[in-house]
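Notes for the one structure printed next.
Worth saying up front: this structure is predicted, and the values here are computed from it rather than measured.
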Amino acid sequence: RELQPHLFIPNGPIRTLVVDDDPALRKLLGDWLQGERFQVIEAADGNDALARLQEFTPDVIILDLLMPNRDGFDVVDAMRSRPEWAGIPILVVTNKDVTNDERQRLSGRISALITKYKLTPEALRKQLSKLGWFNSNPFARHAALIGCETCRVLDAEMEQDTRWRDLRRRKWKLRNR
């Protein structure tokens, strides 16, 4: 847990770094997430985001691609080059018409890409749900983040069986063979 804190569901608020040069959009995203157990920290551009990452490790990042000073592509590059930040999920929310080359550059490095004109509370919630944030199943987030097959199997079983204690015991036994 101490080596890879981003793999575990936090007991407290879900720390979310929202990086966008538009203060109105940062506030809107913050308003959407506040009632959902998210603690929103804002950054106005890529430089500000990287400075915030020096101060704390968020559980998820919502990132714009088009920003002054340092764009979202540079932030993704900087984050993925640092082991302590490499596993933090990134949701890109942008107005940019992303080219095939840019999609290739982002492929496997971000969790999702949402265009701003399609952004709704439901769309945001759907993408965060894919990361396991809205799922009460303790194995869903781990399976979604790193593709753990044991967690994926247990996640599927939990959909049919609500005896969590037994499943937790079984997961522990499988991992400690």
Side-chain angles (χ1 to χ4, degrees), residues 1-10 12-34 36-134 141-148:
R1 182 181 288 243
E2 291 168 3
L3 295 176
Q4 295 181 316
H6 55 277
L7 297 181
F8 299 90
I9 299 172
I14 300 163
R15 295 166 304 182
T16 307
L17 181 60
V18 177
V19 186
D20 198 299
D21 58 326
D22 181 357
L25 183 63
R26 289 194 313 263
K27 181 176 179 351
L28 179 66
L29 290 172
D31 290 347
W32 286 353
L33 294 173
Q34 282 305 110
E36 299 284 358
R37 226 183 93 213
F38 287 81
Q39 173 190 6
V40 176
I41 298 94
E42 298 180 7
D45 61 33
N47 289 334
D48 192 16
L50 294 175
R52 301 260 182 194
L53 285 168
Q54 297 289 340
E55 300 167 10
F56 80 104
T57 303
D59 298 304
V60 65
I61 295 175
I62 300 173
L63 177 70
D64 187 14
L65 291 178
L66 298 175
M67 296 179 290
N69 303 324
R70 183 175 236 168
D71 66 20
F73 292 104
D74 288 343
V75 172
V76 171
D77 291 341
M79 286 183 60
R80 295 312 182 220
S81 70
R82 303 267 308 261
E84 65 272 24
W85 299 339
I88 300 171
I90 301 172
L91 300 180
V92 170
V93 177
T94 189
N95 273 332
K96 180 167 181 26
D97 185 19
V98 181
T99 67
N100 286 336
D101 288 341
E102 291 167 334
R103 283 185 190 280
Q104 189 68 29
R105 181 178 175 189
L106 294 171
S107 179
R109 304 175 87 204
I110 63 169
S111 300
L113 190 144
I114 307 170
T115 54
K116 285 183 181 177
Y117 69 88
K118 292 182 180 178
L119 185 63
T120 63
E122 294 77 26
L124 184 61
R125 184 181 174 96
K126 179 180 177 184
Q127 292 304 324
L128 292 168
S129 292
K130 288 181 181 179
L131 295 174
W133 290 121
F134 292 104
R141 177 164 157 67
H142 192 260
L145 283 175
I146 65 169
C148 173

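- The heavy-atom pair separating A123 from K118 by the smallest distance is CB-O, 3.8 Å.
- Residues Q39 and P13 share a closest heavy-atom pair of CB-CB, 3.8 Å.
- At a threshold of 4.0 Å, the pair R52-D48 counts as salt-bridged, since one of the basic side-chain nitrogens sits closer than that to a carboxylate oxygen.
- Residues passing the side-chain hydrogen bond (donor to acceptor under 3.5 Å, both in side chains) test with D31, sequence neighbours excluded: K27.
- Counting only heavy atoms from C-beta outward, the side chains of L113 and L106 approach each other to under 4.5 Å.
- D71 CG to T94 OG1: the interatomic distance, rounded to the nearest 0.5 Å, is 9.5 Å.
- For D45, the side-chain hydrogen bond (donor to acceptor under 3.5 Å, both in side chains) partners two or more places apart in sequence, or in a different chain, are N69.
- For the pair L91 and S111, the tightest heavy-atom approach, listed with the atom from each and the gap, is CD2-CB, 4.0 Å.
- Under a 3.5 Å cut-off, the side chain of R15 and the backbone N or O of T57 do form a donor-acceptor pair.
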| request: Could you go through the side chain to side chain contact (heavy atoms under 4.5 Å, CB included) check for L50 and W85 one step at a time? | output: CA-CA 10 Å; L50 294 175; W85 299 339; 4.0 Å; yes
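- Residue Q104 places its CD atom among 12 or fewer non-hydrogen atoms of other residues, nucleotides or ligands, all under 6.0 Å distant.
- Each of D21, V92, V19, V93 was checked for a side chain to side chain contact (heavy atoms under 4.5 Å, CB included) with D64, and the lone residue meeting it is D21.
- Each salt bridge (charged side-chain N to carboxylate O under 4.0 Å, His left out) pair with one or both residues in residues 88-98, not counting sequence neighbours, appears once here: K96-E102.
- Between F38 and V18, every side-chain heavy-atom pair lies at or beyond the 4.5 Å cut-off.
- By the 4.5 Å heavy-atom criterion applied to side chains, I61 and L53 are counted as neighbours.
- Annotation: side-chain hydrogen bond (donor to acceptor under 3.5 Å, both in side chains) contacts of D20 (sequence neighbours excluded): K116.
- With rounding to the nearest 0.5 angstrom, the CE atom of M79 is 10.0 Å from the CD atom of E84.
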| query | What's the verdict on side chain to side chain contact (heavy atoms under 4.5 Å, CB included) for N95 and T115, showing C-alpha distance, side-chain angles and the deciding distance? | reply | CA-CA 6 Å; N95 273 332; T115 54; over 6 Å; no
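- Of all the heavy atoms in G72 and L63, the pair that sits closest is O-CD2, 3.6 Å.
- You'll find the side chain of L124 reaches within 4.5 Å of the side chain of L33, heavy atoms only.
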| request: Take L29 and V40 through the side chain to side chain contact (heavy atoms under 4.5 Å, CB included) test and state the conclusion after the steps. | output: CA-CA 8 Å; L29 290 172; V40 176; over 6 Å; no
| query | For E55 and I41, what are the C-alpha separation, side-chain angles and deciding distance, and is it a side chain to side chain contact (heavy atoms under 4.5 Å, CB included)? | reply | CA-CA 11 Å; E55 300 167 10; I41 298 94; over 6 Å; no
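- Across every non-hydrogen atom of R109 and I90, the tightest pair is O-CD1, 4.2 Å.
- D59 CG to T16 OG1: the interatomic distance, rounded to the nearest 0.5 Å, is 7.0 Å.
- Considering only residues two or more places apart in sequence or on other chains, R105 meets the side-chain hydrogen bond (donor to acceptor under 3.5 Å, both in side chains) condition with D77.
- For R80, the salt bridge (Lys or Arg N to Asp or Glu O under 4.0 Å) criterion is met by no residue, not counting sequence neighbours.
- S129 places a side-chain N or O within 3.5 Å of a backbone atom of R125 that can act as its donor or acceptor partner.
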